[in-house]
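Single-structure report; data block below.
Proteins come first, then strands; the chains are lettered A, B, ... in the order of their sequence lines, and each starts at number 1. Computed over heavy atoms, backbone and side chain alike; hydrogens, waters and symmetry mates excluded. Keep in mind it's a predicted model, so treat the numbers as computed, not measured.
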2 protein chains.
Amino acid sequence: MANVREKEQFLRFLRGRGQRVTGERLALFDEIFSQHGHIDAEELLRAMKARGLKISRATVYRNLDLLVESGLARKQRLGSRGFLYEHMHSGQQHDHLVCTGCGRVVEFVSPGIAALQAEICRAHGFLPARHTLQIAGLCNRCAEGAVSDGLGVAPATGRLVHV
Amino acid sequence: MANVREKEQFLRFLRGRGQRVTGERLALFDEIFSQHGHIDAEELLRAMKARGLKISRATVYRNLDLLVESGLARKQRLGSRGFLYEHMHSGQQHDHLVCTGCGRVVEFVSPGIAALQAEICRAHGFLPARHTLQIAGLCNRCAEGAVSDGLGVAPATGRLVHV
DNA sequence: CGGCTATTGAGACAGAATCTCAATACGTAG
DNA sequence: CTACGTATTGAGATTCTGTCTCAATAGCCG
């Protein structure tokens, strides 16, 4: 359990807003921090029930949004359907490279984007900001294989890489 | 009607795939090219019915995807719910600045992104690519007003601007 | 411990997009 | 120009996500 720091941050966040620390919130926290890549609410719910935890769909959705507000998780559209959540690696903002062939998602960090974002915002009078950058393309594996195999979609694995 | 070139491209696309040129497809083409900004499928459907055209929801959805495949339209998530479509300005790829205060969407073109995209893809062995960049922030109007007014969400207006 | 009230659970609900299948109309060949 | 085969359409049912409701439960504080 290496998320002591994050869990404390979460507790502080809750107490600071006069919100309660419930068993469900802690369980959800543990679950999402035990996951590696991106996960959607429905799957998270399934995973928790599979572990024998009793929690309802509404609670999962509600508290995922809470986790996002606390800055410990991020909510994003990556697939064509629904939102995906991911916990934050020590607050580091990163972006995604999505392979249109196999669905693999690679995370990366590129300092250049921050500069670009600042420049664009300045030009339009926009205030600070968050951004979402997704690059779609073919990963090396799919680019080679190309038409060669008719395999389905491989499970998406997320790894954080610096450019 | 200045979309002769695009319409021809669409017809060629259809014929090239052995697909039929139907009244519904042409009507949908005209409708989306008569729109300025982003529009969602449901609204497009409403607009067409308002003009007295008889077309079903399923057909709109089906053919919007077709338009996207042909490269003449783009499908994107900008709001929190559902997809928005926009026709392509002569194939020019642009990105979006979304105001979290009023929902206004500003389009911009930044050459820097293309370079960044190339660099990142090279680093990860990804092949060519499209990208989606969204920057969320407060537009100058909302940044000033801030808490001052409790007004609702203003209609999103799209204008293309170069950085 | 006891009370106040935030939170939960179960299921109803809402909105977006897809699917089904019979009816229609495009395109081609005759 | 007509007839035929088949892609496409329409209407509504269906699926899938995510939100909402409200009574029951359980944190938190005194």
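Rounding to whole angstrom units, CG of residue A:Leu66 and C1' of C:dT8 are separated by 14 Å. Spacing between atom CG of A:Leu45 and atom P of D:dT17 amounts to 12 Å, rounded to whole angstrom units. Counting to the nearest Å, the C1' atom of D:dT17 and the CD1 atom of A:Ile39 are 16 Å from each other. Rounded to a whole Å, the NZ atom of A:Lys54 is 15 Å from the P atom of D:dA24. Look at CZ on A:Arg17: it is 13 Å from P on C:dA6, rounded to the nearest Å. One atom, CD of A:Glu43, and another, P of D:dG18, lie 12 Å apart when rounded to the nearest Å. In this structure, the CZ atom of A:Arg57 is 17 Å from the P atom of C:dA14, given to the nearest Å.
Between B:Thr22 and B:Glu42, the residue anchored closer to the 5' end of DNA chain C is B:Glu42, taking for each the nucleotide with the nearest heavy atom. Nucleotides of DNA chain C nearest to A:Leu14 and A:Lys49 differ in position, and the one nearer the 5' end is that of A:Leu14. Toward the 5' end of DNA chain D, the nearer of the two residues A:Val21 and A:Asp65, judged by each one's closest nucleotide, is A:Asp65.
Using a 4.0 Å cut-off, no side-chain N or O of A:Tyr61 falls inside it from OP1 or OP2 of D:dT19. Taking only side-chain nitrogens and oxygens, A:Ser56 never comes nearer than 4.0 Å to OP1 or OP2 of C:dT8. OP1 or OP2 of D:dT8 has at least one side-chain nitrogen or oxygen of B:Arg25 nearer than 4.0 Å. Residue A:Asn63 has no polar side-chain atom (N or O) positioned under 4.0 Å from OP1 or OP2 of C:dT7.
Judged by distance alone, with hydrogens and angles left aside, B:Arg62 brings a side-chain donor or acceptor within reach of the base of D:dG10, the pair sitting under 3.5 Å.
Here the side chain of A:Ile55 is nearest to one of D:dC28, C:dG9, C:dT7, namely C:dG9. The side chain of A:Arg20 sits closest to D:dC28 out of C:dG9, D:dC28, C:dA17. Here C:dT8 is the nucleotide among C:dA10, D:dG18, C:dT8 with the atom lying nearest to any side-chain atom of A:Glu24.
Remark: aromatic rings of B:His38 and B:His36 are distant, center separation not under 6.0 Å.
Side-chain polar atoms of B:Gln134 and B:His96 form no donor-acceptor pair below 3.5 angstrom.
B:Gln19 comes within 4.0 angstrom of sugar-phosphate atoms only, judged by non-hydrogen atoms across all strands, and of no base. Within the nucleic acid shown, A:Arg81 comes within 4.0 Å of sugar-phosphate atoms alone, with no base atom in reach, counting heavy atoms only.
Ring geometry, B:Phe126 versus B:His124: the interplanar angle exceeds 60°, so the pair is classed perpendicular (tilted spans 30 to 60°).
If you chain together hydrophobic residues whose side chains sit under 4.5 Å apart, A:Tyr61 and A:Leu67 never meet in one group.
Judged by the 6.0 Å and 45° rule, A:Arg25 forms no cation-pi pair with A:Phe10.
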